[in-house]
Undergrad: 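The structure that follows is given in the form of structure tokens.
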Amino acid sequence: MKCVKCRQPAVVEVRRHNAGFCREHFVEHVLRQVERTIDELHMLRRDDRILVAVSGGKDSLALWDILHRLGYRADGLHIHLGIGEYSSESTVKTRAFAESRGLTLHEVSVAEELGFGIEELSRRTRRIPCSACGTTKRHIFNRFAREHGYTVVATGHNLDDEAATLLGNILHWQTEYLGRQSAVMEATESGLVRKVKPLVRLAEREVAAYAVLQGIDYQVDECPMAVGATSHLYKEVLNRLEEVAPGTKHQFLWGFYERGRRHFPHESRTLNACKVCGEPTTGEICAYCRLAERARAAAAGTR
């Protein structure tokens with residue numbers, strides 16, 4: 001196969017576009033796809049202070065690299081989750097990436113905040129690890145951005161991630177989640193910082209190819225706490241469909257954005273300041289503080 005742009009040998013094939021690209025033009029293609037997403041969905045302004053949620057994996061590091069190349073002011077925030085060697089290796093990869101590009105990286109340790117990491121938090125509260133982790137990360141990212149003057153939090157969710165989430169929400173008719181699922185979550189006066197997902201036009205395979213071609217050394221292992229997660233099954237199903245009909249994932253997700261989402265209106269809820277930490281919540285105490293208190297109570301009970 002030859003590059004659709006220059007007719008040189010292609011190194012990456014993008015079947016849904018029926019096209020192959022050489023290294024140079026594939027990188028150009030990725031940058032163009034992200035820039036198009038940002039422009040069409042009005043994700044970012046040039047004067048935004050962007051905080052990229054960086055885990056050390058391919059998606060978040062590729063996103064940080066792309067935003068930097070597109071000329072946006074983007075710093076990173078890495079959360080050390082306390083999941084054994086996986087977290088330690090992720091931190092090493094993230095630091096090395098930031099140092100190699102002269103980018104600003106902030107770090108927060110869950111263990112320093114709570115006294116224990118996600119692995120122990122999940123065990124003490126008997127919560128599904130991904131649920132406990134998600135609650136913790138969302139809280140820390142929003143709080144850090146708000147306290148340090150960042151106007152946007154950008155995450156590395158790609159096309160596969162969002163299509164799998166959509167499939168799960170539809171299979172279980174999670175109408176509230178369907179109403180909220182979007183590549184852009186607007187800021188609120190109560191203190192929620194704007195959230196954006198600039199990679200939603202790129203498949204996971206394309207992001208991985210970009211990372212390799214750009215020499216990004218990332219954490220290749222999957223989180224050990226996510227083994228058996230239903231999202232993996234949904235991705236497998238969508239990958240099977242994509243093999244038979246290239247473009248299925250894109251049509252599924254973007255069809256929802258453009259035509260389906262309006263049938264599941266998102267009802268805005270009144271948000272209050274959490275009585276413990278001050279972060280926005282629908283109740284008196286936010287989910288993160290309830291989780292932390294439950295974990296501490298469990299620890300006290302075992303003494």
Undergrad: Using a cut-off of 6.0 Å, state whether more than 12 heavy atoms not belonging to Leu233 lie near its atom CG.
TA: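 Yes, the 6.0 Å shell around CG holds more than 12 heavy atoms from other groups.
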
Undergrad: Suppose the criterion is side chain to side chain donor-acceptor pair (under 3.5 Å): which pairs have a residue in residues 108-121, not counting sequence neighbours?
TA: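 Counting only pairs at least two positions apart or across chains, the side chain to side chain donor-acceptor pair (under 3.5 Å) contacts touching residues 108-121 are Glu113-Arg143, Glu113-Tyr288, Glu120-Arg124.
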
Undergrad: To the nearest 0.5 Å, how far apart are NE2 in His25 and SG in Cys3?
TA: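 These two atoms lie 5.5 Å from each other.
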
Undergrad: Between Phe144 and Tyr150, what is the ring plane arrangement, given parallel below 30°, perpendicular above 60°, and tilted in between?
TA: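 The rings of Phe144 and Tyr150 lie parallel, inter-plane angle below 30°.
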
Undergrad: Should Leu171 and Phe256 be regarded as members of a common hydrophobic cluster, given that ILVMFWY residues are connected when their side-chain heavy atoms come within less than 4.5 Å of each other, either directly or indirectly?
TA: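 Leu171 and Phe256: one cluster.
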
Undergrad: Restricting to salt bridge (Lys or Arg N to Asp or Glu O under 4.0 Å), what partner residues turn up for Arg73, sequence neighbours left out?
TA: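 Result, salt bridge (Lys or Arg N to Asp or Glu O under 4.0 Å) vs Arg73: none returned.
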
Undergrad: Using a 6.0 Å cut-off, check whether atom CZ of Arg46 has over 12 heavy atoms from anything other than its own residue.
TA: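 Check passes, neighbour count above 12.
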
Undergrad: Is there any side chain to side chain donor-acceptor pair (under 3.5 Å) pair reaching into residues 10-20, and which pairs are they, with sequence neighbours excluded?
TA: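 Qualifying pairs: Arg16-Glu206.
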
Undergrad: Donor-acceptor check, side chain of Ser87 to backbone of Gly84, threshold 3.5 angstrom: yes or no?
TA: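 Such a contact is absent between Ser87 side chain and Gly84 backbone.
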
Undergrad: For Leu213 and Val12, work out which heavy atoms get closest and say how close.
TA: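 The pair with the smallest heavy-atom distance is CD1-CG2, 4.0 Å.
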
Undergrad: Could you state the interatomic distance from CG (Leu44) to CG (Leu70), rounded to the nearest 0.5 Å?
TA: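 Between Leu44 CG and Leu70 CG, I get 9.5 Å after rounding to 0.5 Å.
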
Undergrad: Considering residues at least two apart in sequence or located in another chain, which fulfil the ring-ring contact (aromatic ring centres under 6.0 Å, His included) criterion with His250?
TA: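 Residues passing ring-ring contact (aromatic ring centres under 6.0 Å, His included) with His250: Trp254.
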
Undergrad: Not counting sequence neighbours, which residues clear ring-ring contact (aromatic ring centres under 6.0 Å, His included) with Phe26? List them please.
TA: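 With neighbours one apart ignored, the set is empty.
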
Undergrad: What residues, two or more places apart in sequence or in another chain, satisfy ring-ring contact (aromatic ring centres under 6.0 Å, His included) together with His232?
TA: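 With sequence neighbours excluded, His232 shows a ring-ring contact (aromatic ring centres under 6.0 Å, His included) to no residue whatsoever.
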
Undergrad: Can you tell me if CD on Glu40 sees more than 12 non-hydrogen neighbours from other groups inside 6.0 Å?
TA: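 Atom CD in Glu40 is crowded, with more than 12 foreign heavy atoms closer than 6.0 Å.
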
Undergrad: Is there a donor-acceptor pair closer than 3.5 Å between any side-chain N or O of Ser122 and the backbone N or O of Ile118?
TA: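 It does not hold such a pair.
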
Undergrad: Under a 4.5 Å cut-off applied to non-hydrogen side-chain atoms, are Thr136 and Val110 in contact?
TA: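 The answer is yes; the side chains approach within 4.5 Å.
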
Undergrad: Within the side chain of Arg294, is there an N or O that forms a donor-acceptor pair under 3.5 Å with the backbone of Cys289?
TA: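 Judged by distance alone, no pair lies under 3.5 Å.
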
Undergrad: How close do Ser182 and Lys197 get, counting heavy atoms only, and between which atoms?
TA: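 Closest approach of Ser182 to Lys197: O-NZ, 3.7 Å.
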
Undergrad: We want to know whether Gln174 and Arg180 form a side-chain donor-acceptor pair, criterion being a heavy-atom distance below 3.5 angstrom.
TA: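 Judged by distance alone, the side chains do not pair up.
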
Undergrad: In terms of heavy-atom contacts, does CD of Glu147 have more than 12 from other residues, nucleotides or ligands at under 6.0 Å?
TA: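 Atom CD in Glu147 is packed in, count exceeds 12.
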
Undergrad: Taking NZ, NE, NH1 and NH2 as the nitrogens, is one of them in Arg45 or Asp48 under 4.0 Å from a carboxylate oxygen of the other?
TA: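 Yes.
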
Undergrad: With a 4.5 Å cut-off on side-chain heavy atoms, are Asp217 and Lys93 touching?
TA: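 Side-chain contact under 4.5 Å: yes.
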
Undergrad: Would a 4.5 Å heavy-atom cut-off, applied to side chains only, mark Glu35 and Pro198 as touching?
TA: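 No; the side chains remain at least 4.5 Å from each other.
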
Undergrad: Ignoring hydrogens and angles, tell me if any N or O in the side chain of Arg194 forms a donor-acceptor pair with the backbone of Val184 under 3.5 Å.
TA: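 Not a single qualifying donor-acceptor pair exists.
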
Undergrad: Quick test of your reading: applying salt bridge (Lys or Arg N to Asp or Glu O under 4.0 Å), list the pairs with at least one residue in residues 53-64, sequence neighbours left out, ordered by first then second residue.
TA: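 The answer is Lys58-Glu204.
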
Undergrad: Is it the case that more than 12 heavy atoms not belonging to Glu189 sit under 6.0 Å from its CD atom?
TA: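 Result for CD/Glu189: open.
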
Undergrad: Closer than 3.5 angstrom, by distance alone: can the side chain of Arg101 be matched with the main-chain N or O of Asp65 as a donor-acceptor pair?
TA: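 No, because the side chain of Arg101 does not come within donor-acceptor range (under 3.5 Å) of the backbone of Asp65.
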
Undergrad: With hydrophobic residues grouped by side-chain heavy-atom distances under 4.5 Å, do Val54 and Val92 end up in a single group?
TA: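 In one cluster: no.
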
Undergrad: Report yes or no: does Thr135 contribute a side-chain atom to a donor-acceptor pair with the main-chain N or O of Ala132 at less than 3.5 Å?
TA: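 Flag not set: sc Thr135 to bb Ala132 has no pair under 3.5 Å.
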
Undergrad: Can you tell me if CD on Glu28 sees more than 12 non-hydrogen neighbours from other groups inside 6.0 Å?
TA: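 For Glu28, atom CD is crowded (more than 12 foreign heavy atoms under 6.0 Å).
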
Undergrad: Between the side chains of Asn142 and Lys195, does any donor sit under 3.5 Å from an acceptor?
TA: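 Checked: Asn142/Lys195 side chains pair up, N/O donor to acceptor below 3.5 Å.
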
Undergrad: When you group the ILVMFWY residues by side-chain heavy-atom contacts below 4.5 Å and let the links chain together, are Met43 and Ile66 in the same group?
TA: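 Yes, one cluster joins them.
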
Undergrad: Just jot down the side chain to side chain contact (heavy atoms under 4.5 Å, CB included) partners of Ala164, sequence neighbours excluded, or say none.
TA: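 So Ala164 forms a side chain to side chain contact (heavy atoms under 4.5 Å, CB included) with Tyr234, Lys235, Leu238.
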
Undergrad: On a heavy-atom basis, which atom in Val11 and which in Cys22 lie closest, and how many Å separate them?
TA: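 In terms of heavy atoms, the two residues are closest at CG2-C, 3.7 Å.
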
Undergrad: Which heavy atom of Val30 sits nearest a heavy atom of Leu202, and at what distance?
TA: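 The answer is CG1-CD1, 3.7 Å.
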
Undergrad: Examine distances only and state if a side-chain atom of Thr94 and a backbone atom of Ser90 form a donor-acceptor pair shorter than 3.5 Å.
TA: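 Pair found, side chain donor or acceptor close to backbone of Ser90.
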
Undergrad: Are the side chain of Glu279 and the backbone N or O of Cys286 linked by a donor-acceptor pair below 3.5 Å?
TA: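 Absent.
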
Undergrad: Over all heavy atoms of both residues, which pair between Phe141 and Ala53 is shortest? Give the atoms and the distance, please.
TA: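 That closest heavy-atom pairing would be CZ-CB, 3.2 Å.
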
Undergrad: Could you report the tightest heavy-atom contact between Leu166 and Leu253, atom names first, then the distance?
TA: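 Result for this residue pair: CD2-CA, 4.0 Å.
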
Undergrad: Quiz question: by atom type and distance under 3.5 Å, do the side chains of Thr91 and His78 form a donor-acceptor pair?
TA: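 Side chains of Thr91 and His78: pair found under 3.5 Å.
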
Undergrad: Can you tell me how far the CD1 atom of Ile216 sits from the CG atom of Leu61, to the nearest 0.5 Å?
TA: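 Rounded to the nearest 0.5 Å, the CD1-CG separation comes to 6.5 Å.
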
Undergrad: Out of curiosity, Phe21 CZ to His29 NE2, how far, rounded to the nearest 0.5 Å?
TA: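 One finds 4.5 Å between CZ of Phe21 and NE2 of His29.
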
Undergrad: With distance as the sole test, does Asn158 use its side chain to make a donor-acceptor pair with the main-chain N or O of Asp160 at under 3.5 Å?
TA: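 Yes; at least one donor-acceptor contact below 3.5 Å.
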
Undergrad: Side-chain heavy atoms under 4.5 Å apart, restricted to Ile/Leu/Val/Met/Phe/Trp/Tyr: what other residues fall into the cluster of Tyr177, or is it alone?
TA: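 Members besides Tyr177: none; it forms no cluster.
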
Undergrad: Should Val4 and Val14 be counted in the same cluster of Ile, Leu, Val, Met, Phe, Trp and Tyr side chains packed under 4.5 Å apart?
TA: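 Yes.
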
Undergrad: Once salt bridge (Lys or Arg N to Asp or Glu O under 4.0 Å) is applied, do any residues pair with Arg123, and if so which ones, sequence neighbours excluded?
TA: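 Arg123 satisfies salt bridge (Lys or Arg N to Asp or Glu O under 4.0 Å) with no other residue.
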
Undergrad: Is any NZ, NE, NH1 or NH2 atom of the basic residue among Lys249 and Glu162 found under 4.0 Å from an Asp or Glu carboxylate oxygen of the other?
TA: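 No, this pair does not count.
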
Undergrad: Is there side-chain contact between Val200 and Leu159, with at least one heavy-atom pair below 4.5 Å?
TA: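 With C-beta onward as the side chain, the pair stays apart.
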
Undergrad: Enter the distance from Asp161:CG to Leu199:CG here, rounded to the nearest 0.5 Å.
TA: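 Reported value, rounded in 0.5 Å steps: 9.0 Å.
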
Undergrad: When Ile, Leu, Val, Met, Phe, Trp and Tyr are grouped by side-chain heavy atoms lying under 4.5 Å apart, directly or through other members, which residues fall in the same group as Val276?
TA: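 Val276 shares its hydrophobic cluster with Ile285.
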
Undergrad: Using a side-chain heavy atom cutoff under 4.5 Å and only I, L, V, M, F, W and Y, what cluster partners does Met185 have?
TA: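 Noted: Met185 shares its cluster with no other residue.
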
Undergrad: Determine whether His80 and Ser88 make a side-chain contact, defined as any pair of heavy atoms from C-beta on separated by less than 4.5 Å.
TA: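 Yes; the side chains approach each other to less than 4.5 Å.
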
Undergrad: Do Asn272 and Glu284 have side-chain heavy atoms sitting under 4.5 Å apart?
TA: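 No, their side chains stay 4.5 Å or more apart.
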
Undergrad: State yes or no: do Tyr72 and Leu51 share one hydrophobic cluster built from I, L, V, M, F, W and Y residues joined by side-chain heavy-atom distances below 4.5 Å, directly or via other members?
TA: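 Each belongs to a different hydrophobic cluster.
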
Undergrad: Check whether any side-chain N or O of Ser190 sits under 3.5 Å from a backbone N or O of Leu271 as a donor-acceptor pair, and report yes or no.
TA: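 No, the answer is negative, given that no donor and acceptor are paired below the 3.5 Å cut-off.
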
Undergrad: Could you walk me through whether Arg23 and Gln8 satisfy the side-chain hydrogen bond (donor to acceptor under 3.5 Å, both in side chains) test, starting with their C-alpha distance in whole Å, then the side-chain angles of each, then the deciding distance to 0.1 Å, before giving a yes or no?
TA: CA-CA 10 Å; Arg23 180 194 177 283; Gln8 294 298 310; over 6 Å; no

Undergrad: CZ of Arg201 to CD1 of Ile38: how many Å apart, nearest 0.5 Å?
TA: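 Here the rounded value is 11.0 Å.
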
